A.B. asks: 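Handing you this structure, nothing more for now.
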Protein chains: 2
Amino acid sequence: MTATGAEKKNGRVTIREVAEDAGVSVAAVSKVLRDAYGVSDALRAKVRASMDRLGYRPHTAARGMRGQTYTIGLVLPDIRNPFFADIMVGVNNALERTQYRAMIGISESSVITEMAIVDSMIDRQMDGIVLIGSTEDRGNHDRIASLKPLVTIGHHDPEATSFDTVNNNDQQGAMLAVQHLVAGGYRSIAMLSLSSGTSTILSQRELGYRRAMIEAGLGKAINIVQIPQTLREVQLAARRLLEGSRRPDAIFCWTDFIALEVISVATELGLSIPADLGIVGYDNTVYCDFAQNSLSSVDQSGEQLGLQAVRLLIERIKGRSKAEHLVVTPRLVTRGSSTRAG
Amino acid sequence: MTATGAEKKNGRVTIREVAEDAGVSVAAVSKVLRDAYGVSDALRAKVRASMDRLGYRPHTAARGMRGQTYTIGLVLPDIRNPFFADIMVGVNNALERTQYRAMIGISESSVITEMAIVDSMIDRQMDGIVLIGSTEDRGNHDRIASLKPLVTIGHHDPEATSFDTVNNNDQQGAMLAVQHLVAGGYRSIAMLSLSSGTSTILSQRELGYRRAMIEAGLGKAINIVQIPQTLREVQLAARRLLEGSRRPDAIFCWTDFIALEVISVATELGLSIPADLGIVGYDNTVYCDFAQNSLSSVDQSGEQLGLQAVRLLIERIKGRSKAEHLVVTPRLVTRGSSTRAG
DNA sequence: CTGAAAGCGCTTACAG
DNA sequence: CTGAAAGCGCTTACAG
């Protein structure tokens, strides 16, 4: 039982066995595998046939020793936001006809940081990194980009030269929301934002809110409330805002989840939406459509963002080094939460 | 500039450089790295110090060539369900003090199947796999388990010998929901389930629903409606159910998201919850708490499930081969959607 | 307890 | 267009 060339301990077929079966060299098989140039059609066909016959599957660790792992790492800050699911759809579509696969890591503020996940992805020889909703600064991004191709989604840094960014126009998105509320007769429009401080999409949305308020002659009504992401803090802030003496007649929320919480608090306080209070969210997540929410929201087409980010990343992996910064136009979807009966 | 022992093309420090720096052999460094037995405390300390000084990080591809990659693969069927976020919290907690990292793959029915992701994880030499909400059959699970340690969450197969399972008691959970509705005076209780057909947690929940109905003497009112997961289908089914001549007075939904859609449809139809219609969901996701939903739901403590699954998987990676099947007790959380005013 | 050497399955110059 | 050989950074027997 020791004579067969196809002896294998692992059950895994190796490139050598494929080479033997096809009657070519190991190097030739490697070239076919990588779609490298310099192989005749005849040889390629022979090798492909042997691969199929033997059920060959590339050993990623071995490939990673010298070349690529055909794995790209996606870092999400928070799996809970259904908006990320839209991004993933785009990512998977972009990957469909390639050898690449996406592996996702989820950072959790206290347990495992964004940078810790990125490090572990670099340790694992991933070919490139997509950071979603990153809160790191330029220094860290440059550091990552010096080691691996990098694309960010949901982080504005149009001057960055070492990595690409993909975004919707957050400033414009916020302006759409405010302009819509103003057109609906709302005047005292507050904004609920996040207190983290390092998010560039947040500051862009805040900027858009300010600009739209000023342009509408409502500069004196500008009121940005920055709160941490925790349920309890949001609830407290919403309650304080809605019970205060100068209650706003509309609230623009930086993300849908917060808007849903505002609806919850307003409901508990007996406020009527949209009569007493107009609400607009961001991301146009799937929950907006439910009748009990009927939440107007800014759509940033996550699927597009995911698709483009992967496209750019693969370009970078293949050698592009000039930075690209894509900005997608957002779109407001109006629903009952901000539309007062005519 | 060619004389330094620490010459490196990649910027990455290798085990060899650590060995040189510490004045020991490469094998010794490897042992320290793996926490293997047979190294003196003195040697260990020397090596650790060199690692720190040089900023050594293990090269996962190289480790994967001979040993482990210290990576476990998690497969999710659908990132959209916030319940999975709870699982992830448990997973990350379980991983916190280990060398292991979790990488997540998301299957999408049409684009990339569960098995395709598992294959790509095996190709990537992951040390073990956790399947969440798997819809594969015993044959495929055994096949995976023959290649890599395997644990499933949300899949009942108590007789399986080649892999472990971690679940909440879905039958009991469904019974809790029905018993609660019955106690509230509801009689014509329908169940909204999924039409996929291969989910064992679904059949357990259906079984529990049946049992509880029969035990309550409501066997004739048993009505299980199985619908696909798409938004439109669910909406249509809910509408058909609620507009039909024999409208149920309560609906038990197999997962919260479906229950929220039922609330939506009921709201649109002008039905009052819980007076006209009682609703109970499953998973006790974060949306249940919002006042506009106030959805009663069965909590299966996803964090526990995730934690235990990783614990079991690491045990298996370290050598255990006898199967374990954990079942966690679910807990009903009652809210407004099923609680008629006394 | 410690170390020298082989080898995991690929890719990469290099030679032909 | 094709192939023989070196080597990526570890782990694993094996010898001492």
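Because the structure is a prediction, the values reported are computed rather than measured. In what follows, chains are A, B, ... by sequence order, proteins preceding strands, each numbered from 1.
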A.B. asks: Any donor and acceptor pair, going by atom type alone, linking the side chain of A/Asp127 with main-chain N or O of A/Thr69 inside 3.5 Å?
C.D. replies: yes
A.B. asks: Which protein N or O atoms sit under 3.5 Å from an N or O of nucleotides 1-4 of chain C?
C.D. replies:
from  : atom 1 : to      : atom 2 : distance (Å)
C/dT2 : OP1    : B/Ser40 : OG     : 3.2
C/dT2 : OP2    : B/Ser40 : N      : 3.0
C/dT2 : OP2    : B/Ser40 : OG     : 2.9
C/dG3 : OP2    : B/Ser25 : N      : 3.0
C/dG3 : OP2    : B/Ser25 : OG     : 3.4

A.B. asks: Would you tell me whether A/Thr71 and B/Arg124 have side-chain atoms, one donor and one acceptor, within less than 3.5 Å of each other?
C.D. replies: yes
A.B. asks: Round to a whole Å and report the spacing from CG of B/Asp123 to C1' of C/dG9.
C.D. replies: 13 Å
A.B. asks: Does the D/dG7 base have a donor-acceptor partner in the side chain of A/Arg66 within less than 3.5 Å?
C.D. replies: yes
A.B. asks: Calculate the interatomic distance between A/Arg34 atom CZ and C/dA13 atom P; express it in whole Å.
C.D. replies: 10 Å
A.B. asks: Rounded to the Å, how far apart are A/Tyr70 OH and C/dC10 P?
C.D. replies: 12 Å
A.B. asks: How would you label the contact of A/Arg16 with the nucleic acid (heavy atoms, under 4.0 Å): base, sugar-phosphate, or nothing?
C.D. replies: nothing
A.B. asks: Mind calculating the distance between CZ (B/Arg57) and P (D/dC10) to the nearest angstrom?
C.D. replies: 12 Å
A.B. asks: Taking NE2 from B/His59 and C1' from C/dG9, how many angstroms apart are they, rounded to a whole number?
C.D. replies: 14 Å
A.B. asks: Less than 3.5 Å between a donor and an acceptor, one on the side chain of B/Arg63 and one on the base of D/dG9, is that the case here?
C.D. replies: no
A.B. asks: For a quick test of reading the model: is some side-chain N or O of A/Tyr56 closer than 4.0 Å to OP1 or OP2 of C/dC10?
C.D. replies: yes
A.B. asks: Could you tell me whether the phosphate oxygens of D/dC10, OP1 or OP2, come under 4.0 Å of any side-chain nitrogen or oxygen in B/Ser30?
C.D. replies: no
A.B. asks: Is the backbone N or O of A/Val327 less than 3.5 Å from a side-chain atom of A/Asn167, with the two atoms forming a donor-acceptor pair by type?
C.D. replies: no
A.B. asks: Dot-bracket, DNA chain C: Watson-Crick or G-U, under 3.5 angstrom, [ ] crossing, | other strand?
C.D. replies: |||.||||||||.|||
A.B. asks: In whole Å, what is the span from the CD atom of B/Gln125 to the C1' atom of C/dC8?
C.D. replies: 10 Å
A.B. asks: Over how many whole Å does the gap from A/Arg12 atom CZ to C/dC10 atom C1' extend?
C.D. replies: 12 Å
